[in-house]
Amino acid sequence: MAASFDLAGHEGRDRFPNLKQACQHVVECIQESGETIFVPSGWHHTVHNLEDTLSINHNWLNGYNMHWAWALLQQEHVAATAAIEDCRSGCSAEEFEELVQRNMAANCGMNYAFMTDFMRAILSREKDLLRSCDECGEAHPGHEFSIAKACWVLAKLQQQSGV
């Protein structure tokens, strides 16, 4: 299978005007058997397997990409609403929103209630980790950042749904 985009070629100069600058930061490596590679949130990447390979990928949700999860949830809300718009007149506003939330959960595995519970769990964990850092005398701005981002998502959920 050919690569979908050839970084070494001239393809895409008009489509991607900053490609030349981005290519200055390309990292190439060969991952040997048993090795793990971590690709941070938001990093564009491509993989070329040199032989038959079993790849296990995991997408992380953390403070650095919670805004993307929120944006995805908003897109799913719009799509789920549009998909059942013809049912709106047959039910109350609360019933309709319940149907939208049920469809969101079925389509993307998450709805407002799940996201609220998830953000509260992240907040609890991050606050515990921050307390343990304080007890050890260590500074850890990552925990503070994740707490701030989870609070931001919870505020958005509150505005959107009143949860």
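For the pair Glu76 (side chain) and Asn107 (backbone), a donor-acceptor distance under 3.5 Å is absent. With hydrogens and angles ignored, the 3.5 Å screen pairs a side-chain donor or acceptor of Ser132 with a backbone N or O of Leu129. The closest donor-acceptor contact from the side chain of Asn49 to the backbone of Asp52 lies at 3.5 Å or more, if one exists at all.
Between the CG atom in Leu73 and the CE atom in Met104 there is a gap of 4.0 Å [rounded to 0.5 Å]. Taking CH2 of Trp70 as the start and CD of Gln75 as the end, the distance is 12.0 Å to the nearest 0.5 Å. Between the CD atom in Glu97 and the CD atom in Gln160 there is a gap of 7.5 Å [rounded to 0.5 Å]. With values rounded to the nearest 0.5 angstrom, Lys127 atom NZ is found 13.0 Å from Ser146 atom OG.
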Do Arg125 and Asp128 pass the salt bridge (charged side-chain N to carboxylate O under 4.0 Å, His left out) test, and can you show the C-alpha distance, the side-chain angles, and the key distance before you say yes or no?
CA-CA 5 Å; Arg125 179 181 167 272; Asp128 287 347; over 6 Å; no
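The nearest pair of heavy atoms linking Ala69 to Met115 is CB-CE, 3.8 Å. Annotation for Ala105 and Asn111: closest pair CB-ND2, 3.7 Å, computed over non-hydrogen atoms. Among all heavy-atom pairs drawn from Leu123 and Cys151, the shortest one is CD2-SG, 3.8 Å.
Linking ILVMFWY side-chain heavy atoms closer than 4.5 Å, directly or via other members, places Tyr112 and Ile84 in a single hydrophobic cluster. Phe114 and Trp152 fall within a single hydrophobic cluster, where Ile, Leu, Val, Met, Phe, Trp and Tyr are joined by side-chain heavy atoms under 4.5 Å apart, directly or via other members. In terms of hydrophobic clustering, with Ile, Leu, Val, Met, Phe, Trp and Tyr side chains grouped at heavy-atom distances under 4.5 Å, Leu130 and Leu154 are assigned to a common cluster.
Between His77 and Gln101 the shortest side-chain heavy-atom distance falls below 4.5 Å. Arg120 places a side-chain heavy atom less than 4.5 Å from the side chain of Thr116. Side-chain contact between His143 and Arg131 is absent, with no heavy-atom pair separated by less than 4.5 Å. At least one side-chain heavy atom of Leu99 sits under 4.5 Å from a side-chain heavy atom of Arg102. No side-chain heavy atom of Val47 sits under 4.5 Å from any side-chain heavy atom of Ser55. A heavy-atom distance below 4.5 Å is found between the side chains of Ile122 and Met66.
Evaluation of the salt bridge (Lys or Arg N to Asp or Glu O under 4.0 Å) rule for Arg88 yields Glu85 as partners, not counting sequence neighbours.
Counting non-hydrogen atoms of neighbouring residues, nucleotides and ligands closer than 6.0 angstrom, the CD1 atom of Ile30 reaches no more than 12 such neighbours.
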